[in-house]
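Following: one structure in structure tokens, then a few remarks.
If you're wondering where the values come from, they're calculated on a predicted model, not measured in any experiment. The analysis underlying the following values was restricted to heavy atoms, covering all of them including side chains, and did not include hydrogens, waters or symmetry mates.
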Amino acid sequence: MTIKLLAIGKTDNKELTSLIEVYKTRLNHYIKFEFEVIPDLKKAKNLSKNEQKHKEGELILKKISPSDVLILLDENGKQFSSLSFSNYLQKQMNSGLKHLIFVIGGPYGFSDEVYMKANGKISLSKMTFSHQMVRLFFIEQLYRGFTILKNEPYHHR
């Protein structure tokens, strides 16, 4: 199985980018992982919120194949503990799934078309985090999930 994280917009923070790279490298010891940034829309300030969500949604949907399982990182999604998230990952792998795609949307969330295509939603917290920080938090949780599945000492219970 391949896990892919899609995110709208680049991160200019070098420290954050460096930490993301650390966890991406660690994660690739367990599973094929890809992280793809969809460039920010040009002249987004001239667009309404709905127009921006729609255009970002088109870019997201171009990256999704019909057989992919699409999970949105969304404030209204299901919340997991790290242990239950690791069990979720194991179930996805056991299902024979080829591509599991997680998406971090733009500043206004997702278009209706993306919500309709989605197979599920996950929330990392009831708190709001910057889209750049969510990248690091989510990749770290993926890594943590796989260390739990391998009974490695990274996660303390």
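No more than 12 heavy atoms of other residues, nucleotides or ligands shown are found within 6.0 angstrom of NZ on Lys55.
Ile60 contributes atom CD1, which lies 13.0 Å from atom NZ of Lys117 (distance to the nearest 0.5 angstrom). How far OH of Tyr108 is from CD of Gln52: 5.5 Å, rounded to the nearest 0.5 Å. The line from CG of Leu6 to CG of Leu73 is 10.0 Å long, rounded to the nearest 0.5 Å. Atom CD1 of residue Ile20 and atom OG1 of residue Thr25 lie 12.0 Å apart, to the nearest 0.5 angstrom. Note that OG of Ser111 is 8.0 Å distant from CD of Glu58, once rounded to the nearest 0.5 Å. Atom CG of Leu124 sits about 8.0 Å away from atom CD1 of Ile104, to the nearest 0.5 Å.
Put simply, the side chain of Ser18 never gets that close to the backbone of Lys14: no donor and acceptor are under 3.5 Å apart. Checking side-chain atoms of Ser65 against main-chain N and O of Asp68 turns up no donor-acceptor pair under 3.5 Å. Between the Asn28 side chain and the Phe33 main chain, a donor and an acceptor come within less than 3.5 Å of each other.
Of all heavy-atom pairs spanning Gly77 and Ser123, the tightest one is O-CB, 3.4 Å. What you find for Lys63 and Glu36 is that their closest heavy atoms are NZ-OE2, 2.6 Å. The minimum heavy-atom distance between Gln141 and Ser82, with the atom names listed, is OE1-OG, 2.8 Å. Across every non-hydrogen atom of Glu56 and Gly106, the tightest pair is OE1-CA, 3.5 Å. The two residues His156 and Pro153 have their closest heavy-atom pair at CE1-O, 3.4 Å. Closest approach of Val103 and Phe110 over heavy atoms only: O-CZ, 3.4 Å.
Residues Glu152 and Phe146 form no side-chain contact, since every pair of their non-hydrogen atoms from C-beta on lies 4.5 Å or further apart.
By the rule that hydrophobic residues join a cluster once side-chain heavy atoms approach within less than 4.5 Å of another member, Met133 and Leu72 end up as members of separate clusters. Hydrophobic cluster membership is shared by Leu5 and Leu136, with clusters built from Ile, Leu, Val, Met, Phe, Trp and Tyr side chains linked at under 4.5 angstrom. Both Val37 and Tyr23 belong to a common hydrophobic cluster when Ile, Leu, Val, Met, Phe, Trp and Tyr are linked at side-chain heavy-atom distances under 4.5 angstrom. Residues Phe35 and Leu89 are members of one and the same hydrophobic cluster, defined by side-chain heavy-atom contacts under 4.5 angstrom among Ile, Leu, Val, Met, Phe, Trp and Tyr. Cluster membership check: Leu149 shares its hydrophobic cluster with Ile122, using side-chain heavy-atom separations under 4.5 Å among Ile, Leu, Val, Met, Phe, Trp and Tyr.
For Phe80, the ring pair (Phe, Tyr, Trp, His ring centres under 6.0 Å) criterion is met by Phe85, Tyr88, not counting sequence neighbours. In this view, Glu21 and Lys24 satisfy the side chain to side chain donor-acceptor pair (under 3.5 Å) rule, not counting sequence neighbours. In this structure, Glu75 has no side chain to side chain donor-acceptor pair (under 3.5 Å) partners at least two apart in sequence or on a different chain. Taking Phe129 as the reference, Phe137 meet the ring pair (Phe, Tyr, Trp, His ring centres under 6.0 Å) condition, with sequence neighbours excluded. For the ring pair (Phe, Tyr, Trp, His ring centres under 6.0 Å) test, residues two or more places apart in sequence or in another chain that qualify with Phe102 are Phe138.
Ion pair Arg144/Glu140 flagged as a salt bridge, since at least one NZ, NE, NH1 or NH2 atom sits closer than 4.0 Å to an Asp/Glu carboxylate oxygen.
For the side-chain contact (heavy atoms from CB on, under 4.5 Å) with Gln92, the qualifying choice from Leu100, Ile71, Asn87, Ile3 is Leu100, the only one to do so.
For residues 80-108, no pair satisfies salt bridge (charged side-chain N to carboxylate O under 4.0 Å, His left out), with sequence neighbours left out.
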Problem set entry | side-chain contact (heavy atoms from CB on, under 4.5 Å) assessment of Ile139 paired with Leu19 | CA-CA 10 Å; Ile139 293 171; Leu19 283 169; over 6 Å; no

